[in-house]
Amino acid sequence: MAELEDLSTLVRAATPLLVIETVDEQRVIDCFQHVIAQALHPLWRWTFTEGLQRLDFNGPRTLEIPPDATATLTAIRNAEQRGIYLLFDFQPCLQYPMTLRQMREIVQRDHSAAHTLVLIGAKVELPQELDAMATRVPLSLPDLKELAGILRGEAAAWQRENNRKLEVDNDAARTIVRNLVGLTAQDARRIVRKLIYNDGALNANDLPELMQAKFDLLNRSGLLHYEYATASFADIAGVSHVRDWVQRRRAVFLDPNPQPALDPPKGVLLLGVQGCGKSLAAKAVAGGFGVPLIRLDFGSLYDKYQGETEKNLREALASCETLAPCVLWIDEIEKGLASGGGDDGGVSRRVLGYLLTWMAERKSKVFVVATANAVNELPAELLRKGRFDEIFFVDLPRLEVRAAIFALHLKRRKLAVESFDLNALAEASDGFSGAEIEQAVVSALYDAGGNGAALDQAMLINALHSTRPLSVLMHEQVAALRAWANGRCVPAD
Ligand SMILES: Nc1ncnc2c1ncn2[C@@H]1O[C@H](COP(=O)(O)OP(=O)(O)OP(=O)(O)O)[C@@H](O)[C@H]1O
């Protein structure tokens with residue numbers, strides 16, 4: 001790990017004050033134990049509850065002094081042998097002038113050996129006078145090798161405890177390790193332990209629970225939704241071009257080492273008439289790639305606190321990247337990106353800027369599917385060539401597609417499709433969206449008293465006749481959308 005080399009160098013150079021922001025205390029200890037094994041300096045840990053404890057194995061384990069900060073820093077200052085001191089929980093003590101003075105004297109080597117003090121906490125804020133002397137060390141997340149070690153360690157612990165061999169499917173174990181990437185060692189350990197203790201085995205059955213647990217950990221912003229039900233392109237009529245597009249790119253998207261000549265697929269925009277199956281198509285893209293679907297709730301992104309909105313988006317996109325490969329579905333993208341600038345102090349412009357940069361620069365396998373109904377609300381920058389791999393237009397279904405939609409929805413309700421004249425139904429539903437056709441089937445079923453066997457052609461035709469489709473009610477908007485899409489978008493079908 002690169003950070004171990006960095007830490008070794010800092011310790012060898014006798015850096016007086018290090019700051020590590022993390023909640024993963026065990027990982028910090030593991031890293032320093034590794035470093036200390038080479039450097040041979042005593043390694044100490046300080047906590048409020050246990051005071052100073054020596055962690056390497058060459059000396060007395062606990063120092064018999066009160067665990068308060070003043071006594072601790074006095075002992076450190078008086079210690080003749082150079083040591084490394086991991087100070088957990090120390091942040092609250094930094095408010096006292098005495099503690100600050102003592103820290104400065106140690107750090108400035110004022111009658112003190114060349115110790116290294118390490119402040120560790122989720123957030124470590126230092127008073128200015130100390131901050132200038134501190135070196136902050138970012139602790140990166142564990143890599144595949146370390147995660148595999150965690151899994152082996154937990155499996156061995158379970159075997160010792162239960163006195164029998166753990167059943168491990170090696171392929172599933174490798175997939176589990178790959179999916180732990182992005183988590184802290186502590187979280188990874190906790191998840192693996194749970195998967196093992198559930199049923200005394202590690203196999204493919206653990207994968208859905210693993211993805212869910214990982215998602216719950218990463219979705220601290222609450223903006224992402226894990227969509228359990230993806231769809232198949234067989235569930236949706238009229239998006240054959242989208243289906244073929246995805247199928248042609250599937251292998252490259254999933255290949256960990258794709259040919260350099262092929263740009264990996266990045267994302268599509270599905271633009272179209274309301275109720276014509278954009279959401280269903282987004283789910284089918286995830287199903288087509290065979291990866292989880294994560295929905296970004298753009299509406300909840302905007303925070304009343306200045307600066308929080310961009311931070312929320314940054315965190316949500318970063319979380320999503322650790323779930324890769326996956327599909328990120330940005331539903332109704334126009335709602336989050338006002339094209340006119342608005343009166344939001346420029347927040348939506350900055351959100352757009354950040355999203356565009358992220359889309360252009362991300363290296364992870366997060367495939368974006370954005371869906372939108374209203375092109376005039378979309379900022380021009382988003383529609384510019386190259387932002388999305390393709391912009392598909394999902395139009396009102398043509399005759400054959402309407403017949404196929406009837407067939408799908410009748411079949412889904414276990415009704416005998418062959419008893420209906422699909423062509424006549426398709427003729428009678430000109431201008432209807434898929435959602436409206438589905439509603440007509442539902443409404444006719446109610447007319448039949450919920451009895452599928454009693455449902456007949458006339459009831460369906462009747463339900464169609466008593467509906468005024470949106471394409472009629474909103475004729476102008478639909479016509480304008482179609483006119484815009486003509487020549488600019490690839491038809492979804
Ligand atoms: N082409 C289609 N094939 C099969 N079912 C469809 C189709 N279009 C719509 N439906 C049915 O209508 C429901 C609603 O459609 P969906 O939410 O996917 O449309 P949408 O274009 O995303 O609409 P909106 O813009 O209102 O969100 C779907 O869940 C599905 O049951």
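We count ligands from 1, going down the list as the structure has it; atoms in each ligand are counted the same way. All values below come from the heavy atoms of this structure, side chains included, with hydrogens, waters and symmetry mates left out.
Every N/O-N/O distance between Ile405 and ligand 1 stays at or above 3.5 Å. The distance criterion of under 3.5 Å between nitrogen or oxygen atoms is met by Leu280 with respect to ligand 1. By the 3.5 Å distance cut-off applied to N or O atoms, Gln274 is not counted among the residues near ligand 1. Considering backbone and side-chain atoms together, Glu332 places no N or O closer than 3.5 Å to any N or O of ligand 1.
Partner Asp493 forms a side chain to side chain donor-acceptor pair (under 3.5 Å) with one of His241, Arg243, Arg398 and no other, that one being Arg398.
Every heavy atom of Pro397 sits 4.0 Å or more from the atoms of ligand 1. Residue-ligand proximity: His409 is placed with a non-hydrogen atom under 4.0 Å from ligand 1. Heavy atoms of Arg412 come nearer than 4.0 angstrom to ligand 1 in at least one pair. At least one heavy atom of Ile236 sits under 4.0 Å from some atom of ligand 1.
For ligand 1, the atoms lying closer than 4.0 Å to a non-hydrogen atom of Asn373 are 25 (O). Less than 4.0 angstrom separates some heavy atom of Gly275 from each of these atoms of ligand 1: 8 (N), 9 (C), 19 (O), 20 (P), 21 (O), 23 (O), 24 (P), 25 (O), 26 (O).
A salt bridge is defined here as a Lys NZ or Arg NE, NH1 or NH2 lying under 4.0 Å from an Asp or Glu carboxylate O, and Arg413 with Glu438 meets this definition.
With sequence neighbours left out, Arg189 forms a side-chain contact (heavy atoms from CB on, under 4.5 Å) with Gln26, Asp30, Ile150, Glu154, Ala185, Arg193. In this structure Asp263 satisfies the salt bridge (charged side-chain N to carboxylate O under 4.0 Å, His left out) test with no other residue, sequence neighbours excluded.
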